[in-house]
Protein chains: 2
Amino acid sequence: MKTPSKETQAAWRALLSVSKSLVESIERDLKAADLAPLAWYDVLLEIEKAGKDGIRPFELQERLLLPQYGMSRLLDRMDTAGLIQRETFGDDRRGQSVFLTPEGKAMRDRIWVVYAGFLADRIGGVLSETDAVALRDLLRKLA
Amino acid sequence: MKTPSKETQAAWRALLSVSKSLVESIERDLKAADLAPLAWYDVLLEIEKAGKDGIRPFELQERLLLPQYGMSRLLDRMDTAGLIQRETFGDDRRGQSVFLTPEGKAMRDRIWVVYAGFLADRIGGVLSETDAVALRDLLRKLA
DNA sequence: CCCAATATGATGCAGGTGCATCTATATGCT
DNA sequence: AGCATATAGATGCACCTGCATCATATTGGG
């Protein structure tokens, strides 16, 4: 049987526990500030980056690594919350294009205040620029 | 507003996406082999490490970073699946001690075959020992 | 000794996720 | 054109998770 080295196992355990702790931490911060969760931020950001033509749900799925049904329901909730709009368009009547509402844009901005603080504090405050680059490079090897 | 550097943001995005992808990947492998999910493995391992006296649920919560109700229900399911046993004991009649059944031990062993292969392949195969140590150290700074 | 505070674990409810499947439209092969 | 296949997105169902709260047992202060 293939057996991973102690170093491999230690790196993996650190990866699991650190990412879990950090995600839970930022999610708590967002909830405490009455803001939407991280997944919503990612969607809001992608839509905003897409610009005035909006973006197709299936493109969002691919970029954010969500399953199709997951994105469908996430967009449902964000729509209900008034943060996005979905419009069918003539080109392909199966599809739709997703846009931010002003409230969606405002929500992204408010989340970013908390999120940026978290990143600057919990990551920027702990890792030097050199460390951050090294970490990113090591993680990329795993991708 | 505090703004995290580009390097900080890139490291964070890599951390999020790599840990997510790897976890989904091992979960898929386990499911494909008809085995229990990762969280179950962690519990089975901790119980086994605890030895013949078993382990208390609240100790499992602390070690595995699960909320109390999460561990309570996880143990319910594992009990129903016949992998563990819970016994109340005289010392503190609020509490209980958790033990592996033979099936639980067997499940842990079978999961480890898949899990070890995954780690050796997807991490050990990609990172040198030096890389693995460096990654672990960088992640520890974030903990 | 008694009562408030604390610790251990369980549970009702609302909401989120995975899986399979469904509907509707578009494309391609003959 | 006609029909099989593929693509975009929605949804029913079972299960899982978070939150609040509960029940029970223990501890500590007066």
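The basis for the numbers below is simple: all heavy atoms, side chains too, and nothing from hydrogens, waters or symmetry mates. What you see is a predicted model, and the numbers here were worked out from it, not measured in a lab. Chain letters run A, B, ... following the sequence lines, proteins first, then strands; residues in each count from 1.
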Asker: Are A/Asp34 and A/Arg110 close enough for a salt bridge, meaning some N to O gap below 4.0 Å?
Answerer: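 Not counted as a salt bridge, because no side-chain N and carboxylate O are separated by less than 4.0 Å.
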Asker: Classify the side chain of B/Arg94 versus the base of C/dA7 as yes if they form a donor-acceptor pair under 3.5 Å and no if they do not.
Answerer: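 When only heavy-atom distances are counted, B/Arg94 does reach the base of C/dA7 through a donor-acceptor pair under 3.5 Å.
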Asker: Could you go step by step and tell me if B/Val98 and B/Asp79 meet the side chain to side chain contact (heavy atoms under 4.5 Å, CB included) rule?
Answerer: CA-CA 10 Å; B/Val98 183; B/Asp79 194 349; over 6 Å; no
Asker: Is the shortest side-chain N to carboxylate O distance from A/Glu59 to A/Arg63 below 4.0 Å?
Answerer: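 A salt bridge is present here (some side-chain N lies under 4.0 Å from a carboxylate O).
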Asker: For residues A/Leu74 and A/Leu66, determine if any side-chain heavy atom of one lies less than 4.5 Å from a side-chain heavy atom of the other.
Answerer: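 Yes; the side chains approach each other to less than 4.5 Å.
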Asker: So, B/Arg108 and B/Glu48, do they make that salt bridge, N to O below 4.0 Å?
Answerer: yes
Asker: Go through residues 28-58 of chain A and report each residue with a non-hydrogen atom lying under 4.0 Å from DNA chain D, sorted by number.
Answerer: A/Lys31, A/Arg56, A/Pro57, A/Phe58
Asker: Hey, are B/Arg122 and B/Ser25 close enough side-chain-wise for a donor-acceptor pair under 3.5 Å?
Answerer: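 Yes - a donor-acceptor pair under 3.5 Å links their side chains.
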Asker: Could you tell me whether a side-chain N or O of B/Lys31 sits under 3.5 Å from a main-chain N or O of B/Ala36, the two making a donor and an acceptor?
Answerer: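 No; zero donor-acceptor contacts below 3.5 Å.
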Asker: Heavy atoms within less than 4.0 Å of DNA chain D: which residues of residues 64-79 of chain A have one? Give them sorted by number.
Answerer: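 Only A/Gln68, A/Tyr69, A/Ser72, A/Arg73 qualify.
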Asker: Between B/Asp109 and B/Lys105, does any side-chain N to carboxylate O distance fall below 4.0 Å?
Answerer: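 Yes, this pair counts.
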Asker: Could you list where the contact with chain B starts and ends along DNA chain D, reading 5' to 3', using a 4.0 Å heavy-atom cut-off?
Answerer: D/dC16 to D/dT26
Asker: Could you tell me whether a side-chain N or O of A/Ser21 sits under 3.5 Å from a main-chain N or O of A/Val18, the two making a donor and an acceptor?
Answerer: no
Asker: Atom CD1 in A/Ile26, atom CG in A/Leu22: separation rounded to 0.5 Å?
Answerer: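 One gets 9.5 Å once the value is rounded to the nearest 0.5 Å.
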Asker: If you assign A/Asp91 and B/Gln61 each to the DNA chain C nucleotide with the nearest heavy atom, which residue ends up on the more 5' nucleotide?
Answerer: B/Gln61
